[in-house]
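See below for the structure under consideration.
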2 protein chains.
Amino acid sequence: MVKREPVELKLREQVVLKLRELILGGELAAGQRVAEIPISERLGVSRTPVRQALTVLAQEGLLSAAGKRGYVVHAFSAKDITDAIEVRGILEGAAARIATETGISEELRQALEVCIAEGEVIAMKDHYGMADDVRWVEVNGRFHKLIVEASANIALISALALNDKLPFASATAVLGGDTPSRIIARKHHEVVRRAHAEHKKIVEALCSRQGARVESLMQEHARLAEANVTLFRST
Amino acid sequence: MVKREPVELKLREQVVLKLRELILGGELAAGQRVAEIPISERLGVSRTPVRQALTVLAQEGLLSAAGKRGYVVHAFSAKDITDAIEVRGILEGAAARIATETGISEELRQALEVCIAEGEVIAMKDHYGMADDVRWVEVNGRFHKLIVEASANIALISALALNDKLPFASATAVLGGDTPSRIIARKHHEVVRRAHAEHKKIVEALCSRQGARVESLMQEHARLAEANVTLFRST
DNA sequence: CATCCGGCAATTGGATCCAATACTAAAGAA
DNA sequence: TTCTTTAGTATTGGATCCAATTGCCGGATG
């Protein structure tokens with residue numbers, strides 16, 4: 001083990017992060033047994049932080065208890081994924097509605113406009129590449145985060161945080177960006193354009209205090225993630 | 001430490017349960033520092049399961065990180081509580097709507113009718129006592145659980161499970177039942193009667209596949225919990 | 001040949017140990 | 001008197017250790 005210089009993150013949190021990565025990246029396949037010792041050896045830490053990480057991931061639902069002994073990587077069905085997406089729509093829709101009801105601050109409005117402007121640039125590109133993809137994920141994530149936090153409802157925010165830990169349900173869920181062929185990129189750009197168009201409508205509804213409208217727009221917007229999933233699955 | 005005979009629950013889970021009890025029961029006051037050693041001594045276990053329990057409770061939101069060092073009992077504001085109740089309404093409303101859309105099975109309908117019948121008995125009592133309270137809490141919990149699980153949406157179910165860990169947000173949240181004076185009991189009976197009346201409408205809407213109606217009924221129904229909270233607070 | 005029993009190995013869970021870090025309090029200087 | 005520095009202490013977090021349970025494999029027996 002390396003000498004411990006002032007570490008920012010607790011070791012167990014690093015392990016949680018790393019394991020999430022491994023699971024979502026498919027390196028730990030669904031259904032596969034997850035034992036403490038192999039993981040601890042693989043990551044070069046002792047079993048203690050691994051054990052703690054496993055309980056955290058189990059709470060998040062990424063792992064499930066395998067009988068009395070240890071965990072397995074949770075196998076998510078297609079229904080699980082669409083369910084999670086639906087829930088995200090419900091929660092983000094509610095967040096947007098609540099935000100309109102309490103009122104949109106001027107700072108928030110401006111921050112949203114910035115997202116729109118930056119999204120516009122990406123959406124209108126002639127050539128859509130990797131870098132644009134990364135940029136879009138960032139802008140999109142910021143946009144959603146702004147709205148969710150504008151609800152100022154902690155229970156809502158944490159419910160969404162939990163939901164986002166499930167695979168593919170997150171607004172920022174990326175396609176496995178390993179080998180994005182030209183065709184995939186084009187399709188993806190198309191999804192981005194649609195998402196951006198919806199973002200514009202959402203901001204418009206938000207700022208004109210159309211609570212019911214923004215709620216249903218947001219719910220519908222979540223369903224775009226399903227397009228992402230099928231796009232990914234079909235490769 | 002007691003000799004370990006075949007224990008059902010892992011020690012860390014027992015600690016989680018016990019700590020939740022202590023926190024919700026107010027024995028660990030909001031804002032109070034929670035250190036590992038005092039807890040482990042109090043419960044007669046080593047620090048290891050306590051540490052794990054603390055991370056679990058922190059994830060649930062009952063504890064919050066105190067700077068770099070340890071945790072404190074999270075202080076919930078009145079707004080936090082109404083927020084959590086609102087979120088519960090949103091989620092349970094969605095669950096009920098989804099359940100109507102997918103269709104109510106005959107078994108489910110019957111199980112709901114049983115809840116209604118048992119609730120009717122309690123609601124119509126001339127004299128409402130402790131035992132009725134306990135009974136109502138059980139019936140009410142069963143009713144809500146049936147509906148939520150009828151949605152068959154895991155993401156929704158787990159979002160609600162998280163929400164229910166927050167104080168007072170749960171459908172089964174009881175008033176601190178220590179010394180329920182006669183007046184409190186009467187007021188409480190009134191709340192129960194209203195809740196029961198709403199249950200009946202909810203079942204009616206569910207069974208006649210009125211999705212939108214059942215959703216808004218359920219949302220409104222959640223707000224009854226606020227009455228409970230104010231009732232409790234005013235004592 | 002199938003089944004049941006016993007022992008062995010793998011693995012988990014808790015306790016203890018140790019190092020490192022953050023808080024505290026006391027003492028000294030401005 | 002107050003601010004700063006420093007030494008001591010409390011407490012956390014990770015590693016290691018140990019006990020106990022489980023699952024498995026092989027052999028014995030009906």
Side-chain angles (χ1 to χ4, degrees), chain A residues 1-23 27-74, chain B residues 1-23 28-29 31-74:
Chain A
M1 192 59 206
V2 196
K3 187 180 51 183
R4 298 248 330 263
E5 60 241 10
V7 177
E8 279 307 320
L9 223 49
K10 286 191 263 263
L11 206 40
R12 80 173 103 123
E13 286 161 350
Q14 295 182 45
V15 174
V16 168
L17 254 27
K18 188 69 189 168
L19 281 179
R20 245 197 239 122
E21 201 177 299
L22 288 177
I23 293 171
E27 285 197 65
L28 291 173
Q32 183 176 333
R33 181 83 189 285
V34 180
E36 290 174 11
I37 297 179
I39 300 292
S40 68
E41 283 171 356
R42 183 167 181 173
L43 304 186
V45 299
S46 92
R47 282 175 46 219
T48 311
V50 172
R51 192 143 83 226
Q52 293 175 133
L54 293 186
T55 66
V56 169
L57 291 171
Q59 264 209 310
E60 289 179 2
L62 248 52
L63 299 179
S64 37
K68 285 272 175 198
R69 202 96 179 242
Y71 301 97
V72 296
V73 178
H74 188 151
Chain B
M1 190 56 205
V2 196
K3 188 180 49 186
R4 298 247 333 265
E5 58 241 10
V7 177
E8 279 307 319
L9 226 47
K10 286 192 264 264
L11 207 40
R12 68 159 164 249
E13 286 161 349
Q14 295 182 47
V15 174
V16 167
L17 253 27
K18 187 70 190 167
L19 282 179
R20 246 197 240 120
E21 200 177 299
L22 289 177
I23 293 171
L28 290 172
Q32 183 176 335
R33 180 85 188 285
V34 179
E36 291 175 11
I37 297 178
I39 301 292
S40 67
E41 283 172 354
R42 183 167 181 173
L43 303 186
V45 299
S46 93
R47 283 176 46 220
T48 311
V50 172
R51 195 147 77 226
Q52 293 175 129
L54 293 186
T55 66
V56 169
L57 291 170
Q59 264 207 309
E60 289 179 2
L62 247 52
L63 299 178
S64 37
K68 286 271 178 202
R69 207 90 178 260
Y71 300 97
V72 296
V73 178
H74 189 177

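Just so it is clear, the values below take in all heavy atoms, side chains as well, and ignore hydrogens, waters and symmetry mates. Within every chain, numbering begins at 1; the chains are lettered A, B, ... in the order of the sequence lines, protein sequences first and strands thereafter.
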- Message: For a quick check of understanding: with a heavy-atom distance under 4.0 Å over all strands, which category does A:Arg47 fall into, base, sugar-phosphate or nothing?
- Response: base

*asked:* Can you pull out the residues from residues 28-35 of chain A that lie within a 4.0 Å heavy-atom distance of DNA chain C?
replied: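 Output list: A:Arg33, A:Ala35.
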
Is the shortest side-chain heavy-atom distance between [X] and [Y] below 4.5 Å?
| X | Y | result |
| --- | --- | --- |
| A:Leu19 | A:Leu54 | yes |
| B:Leu11 | B:Gln14 | yes |
| B:Ile23 | B:Arg20 | no |
| A:Arg47 | A:Gln52 | no |

Calculate the interatomic distance between [X] atom [atom1] and [N] atom [atom2]; express it in whole Å.
| X | N | atom1 | atom2 | answer |
| --- | --- | --- | --- | --- |
| A:Glu36 | D:dT22 | CD | C1' | 14 Å |
| B:Lys68 | D:dG13 | NZ | P | 11 Å |
| B:Leu9 | C:dG13 | CG | P | 12 Å |
| B:Lys10 | D:dA20 | NZ | C1' | 14 Å |
| B:Arg12 | C:dA15 | CZ | P | 12 Å |
| B:Leu11 | D:dA19 | CG | P | 17 Å |
| B:Glu41 | D:dT11 | CD | P | 10 Å |

- Counting N and O atoms only, with roles assigned by atom type, does the side chain of B:His74 sit under 3.5 Å from a partner on the main chain of B:Gly61, one being a donor and the other an acceptor? yes

Check your understanding: Quick one: the side chain of A:Arg69 and the base of C:dT11, do they pair up donor-acceptor inside 3.5 Å?
Key -> yes

Separation between OH (A:Tyr71) and OG1 (A:Thr55), nearest 0.5 Å, reads 6.0 Å

Within residues 48-60 of chain A, find the residues that approach DNA chain D with a heavy atom at under 4.0 Å, and present them sorted by residue number.
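When residues 48-60 of chain A is checked for heavy atoms under 4.0 Å from DNA chain D, the hits, listed by number, are A:Thr48, A:Pro49, A:Gln52.
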
Next item on the list: May I ask you to say whether B:Glu13 pairs ionically with B:Lys18, meaning some side-chain N is under 4.0 Å from a carboxylate O?
Entry: no

Closest non-hydrogen atoms of A:Val73 and A:Leu63, given as atom of the first, atom of the second and distance, are CA-CD2, 3.8 Å

Q.
side chain to side chain contact (heavy atoms under 4.5 Å, CB included), that's the test. Do A:Arg12 and A:Arg51 meet it? Break it down for me.
A. CA-CA 8 Å; A:Arg12 80 173 103 123; A:Arg51 192 143 83 226; over 6 Å; no

ask   = More 5' along DNA chain D: B:Pro38 or A:Ser46, using each one's nearest nucleotide?
value =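 Final value for this comparison: B:Pro38.
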
